[in-house]
2 protein chains.
Amino acid sequence: MDIYQALRENVFKLVAFEEEEWKDFISYWRPVHIKKREYIIKEGQTEKYFYFVYRGVLRGYTTKDGDEISIGFTYDGDYSGAYDSFLAQQPSDFSMQAITDCELLRISYTDLMAMFDKYKSAERWGRIFNANILIGMARRQLEVRSFSAEERFERLATQSPHILQLVPQKYLASYLGMTPETFSRLRKKR
Amino acid sequence: MDIYQALRENVFKLVAFEEEEWKDFISYWRPVHIKKREYIIKEGQTEKYFYFVYRGVLRGYTTKDGDEISIGFTYDGDYSGAYDSFLAQQPSDFSMQAITDCELLRISYTDLMAMFDKYKSAERWGRIFNANILIGMARRQLEVRSFSAEERFERLATQSPHILQLVPQKYLASYLGMTPETFSRLRKKR
DNA sequence: TGCCGAAATTGATCTGTATCAAGTTTTTTC
DNA sequence: GAAAAAACTTGATACAGATCAATTTCGGCA
């Protein structure tokens with residue numbers, strides 16, 4: 001499937017645009033290719049773009065006392081970037097780096113805001129999209145607070161086994177809030 | 001200030017409604033009084049309402065192995081309820097209980113959705129409101145992951161000293177992800 | 001105002017996970 | 001395709017914060 005078609009299907013899951021509106025809306029999205037280890041945004045910058053991931057994996061992380069803490073990952077079909085920085089138009093607390101080569105589509109903040117002004121469908125899509133992100137964050141928040149390192153590992157391994165292949169272990173470890181050593185031991189124990 | 005006026009000012013901070021629209025919008029909100037220790041929602045129920053807190057303090061918590069884990073607190077001027085359950089219209093993973101007597105305004109899910117359909121201003125308010133909640137959650141997520149128990153206590157004490165008075169310590173302790181004993185020791189050390 | 005149950009404090013001990021260190025394996029690069 | 005760098009594993013030790021237990025203090029209410 002073509003990259004614009006992929007975005008279309010994804011957006012239409014939440015809101016069906018009129019064809020005229022959609023043509024206009026999609027015209028503001030631009031394809032971007034980035035290579036493994038390149039960044040779409042670095043800590044301290046303000047996020048100018050909102051990204052759709054057509055192919056690839058990205059990792060978000062912040063730094064604390066020189067160490068990296070992985071915040072999350074995005075895959076094919078996800079949206080990416082420092083979304084809170086984008087929304088607030090404030091400097092980001094984290095960086096977003098490609099773990100594999102990526103094909104992305106992006107729209108600028110100004111263009112997206114213009115779309116929100118212009119079309120009620122876009123406004124609605126924005127609201128529901130935010131709601132869905134929020135629901136996911138709430139779920140993850142509860143997850144982190146309710147489970148021990150071992151339990152979190154176990155849940156990741158059973159619920160998202162593909163991640164174990166895609167993402168280097170040291171990133172997964174810090175995502176789960178443990179050291180690579182602990183991660184390695186839990187994996188062995190399994 | 002009057003309870004409806006308080007909500008009006010709060011909503012208008014994000015979006016200025018037309019007067020006609022506002023009159024219609026506000027007519028769907030109903031005042032609710034609840035007493036200390038009463039619940040607005042219990043774990044397992046689906047949240048039917050979205051609340052505005054005019055006066056009072058509420059606590060959200062989930063249960064794990066019989067122990068309560070406090071998720072968050074809402075105060076005068078906040079919105080409350082199990083918002084993720086409300087948005088998804090799925091059973092809530094946590095309960096929301098009054099810590100003091102509370103005066104609230106609430107609107108039902110059906111009525112709010114009808115307002116979103118009817119007015120672009122409402123839709124926009126919904127989008128921006130969700131964005132703000134999301135930004136707050138992202139900040140807190142980073143907070144929990146980047147700091148030790150002692151650092152989290154210190155930050156709470158300096159950034160929100162009023163909470164230390166308003167909320168019983170055992171709730172704050174579990175909110176910060178530590179036992180009441182640890183909380184007590186950190187407080188003493190200060 | 002005084003009583004009772006809940007909340008907070010304090011001390012002693014335990015434990016899961018971090019840290020440090022030394023290999024081994026995998027990936028990158030030239 | 002060999003050398004260098006990075007990632008992962010494994011073992012030994014350290015420690016922050018949990019748990020358990022015994023008082024003390026506080027808050028609600030008769």
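Computed from a predicted structure; not experimentally measured. So that the names make sense, note that chain A is the first sequence line, chain B the second, and so on, each numbered from 1. Below, all heavy atoms of this structure are taken into account, side chains as well, without hydrogens, waters or symmetry copies.
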For B:Tyr83 and B:Phe50, what are the C-alpha separation, side-chain angles and deciding distance, and is it a ring-ring contact (aromatic ring centres under 6.0 Å, His included)?
CA-CA 7 Å; B:Tyr83 191 50; B:Phe50 178 60; 5.3 Å; yes

Between the axis at one end of the helix from C:dT1-D:dA30 to C:dC30-D:dG1 and the axis at the other (five pairs apiece), what's the angle to 10 degrees?
60°

Who are the side chain to side chain donor-acceptor pair (under 3.5 Å) partners of [X], not counting sequence neighbours?
| X | value |
| --- | --- |
| B:Asp93 | none |
| A:Arg140 | A:Tyr175 |
| A:Asn10 | A:Tyr79 |
| A:Asp24 | A:Lys118, A:Tyr119 |

Identify, residue by residue, the members of residues 163-178 of chain A with a heavy atom below 4.0 Å from DNA chain D, and return them in order of residue number, or none.
A:Pro168, A:Gln169, A:Lys170

When you measure from every atom of DNA chain D, which of residues 67-74 of chain B have a heavy atom less than 4.0 Å away?
none

What distance separates B:Phe116 CZ from A:Glu123 CD, expressed to the nearest 0.5 Å?
10.5 Å

In Å and rounded to the nearest 0.5 Å, what is the CG to CE distance from B:Asp84 to B:Met137?
7.0 Å

Pairing of A:Arg8 and A:Glu19 as salt bridge, 4.0 angstrom limit:
yes

Between A:Arg124 and B:Asp117, does any side-chain N to carboxylate O distance fall below 4.0 Å?
yes

Check against side-chain contact (heavy atoms from CB on, under 4.5 Å), B:Phe86 and B:Ile41
CA-CA 11 Å; B:Phe86 178 80; B:Ile41 185 174; over 6 Å; no

Residues B:Ser92, B:Glu47; criterion side-chain contact (heavy atoms from CB on, under 4.5 Å); working and verdict:
CA-CA 7 Å; B:Ser92 173; B:Glu47 180 65 273; 5.7 Å; no

Given the rule in the side-chain contact (heavy atoms from CB on, under 4.5 Å) test, do A:Glu68 and A:Tyr171 qualify, once you have shown the distances and angles that lead to the verdict?
CA-CA 9 Å; A:Glu68 294 180 359; A:Tyr171 298 154; 4.1 Å; yes

Can you sort out the partners of A:Glu18 under salt bridge (Lys or Arg N to Asp or Glu O under 4.0 Å), two or more places apart, ordered by chain and number?
none

Classify the ring geometry between B:Phe17 and B:Phe12 as parallel (under 30°), tilted (30 to 60°) or perpendicular (over 60°).
parallel

Any side-chain heavy-atom pair of A:Tyr54 and A:Leu105 under 4.5 Å:
no

Below 4.5 Å, heavy atoms only, C-beta onward: do A:Arg145 and B:Ile71 meet side chain to side chain?
yes

For a quick check, with a 4.0 angstrom heavy-atom cut-off, what is the B/S/- contact string for nucleotides 20-30 of chain D, read 5' to 3'?
BB------S--

Find which nucleotide of DNA chain D each of A:Thr182 and B:Thr182 is nearest to by heavy atoms, and output the residue with the more 5' nucleotide.
A:Thr182

Using the heavy-atom set of chain A and a strict 4.0 Å cut-off, write down the first and last nucleotide of DNA chain C that makes it in, 5' to 3'.
C:dT17 to C:dT28

Taking only heavy atoms on the protein side, list every residue of residues 146-157 of chain A lying under 4.0 Å from any atom of DNA chain C, sorted numerically.
A:Ser148, A:Ala149

Taking the hydrophobic residues Ile, Leu, Val, Met, Phe, Trp and Tyr, and joining any pair whose side-chain heavy atoms are under 4.5 Å apart, which ones share a cluster with B:Tyr61?
B:Tyr39

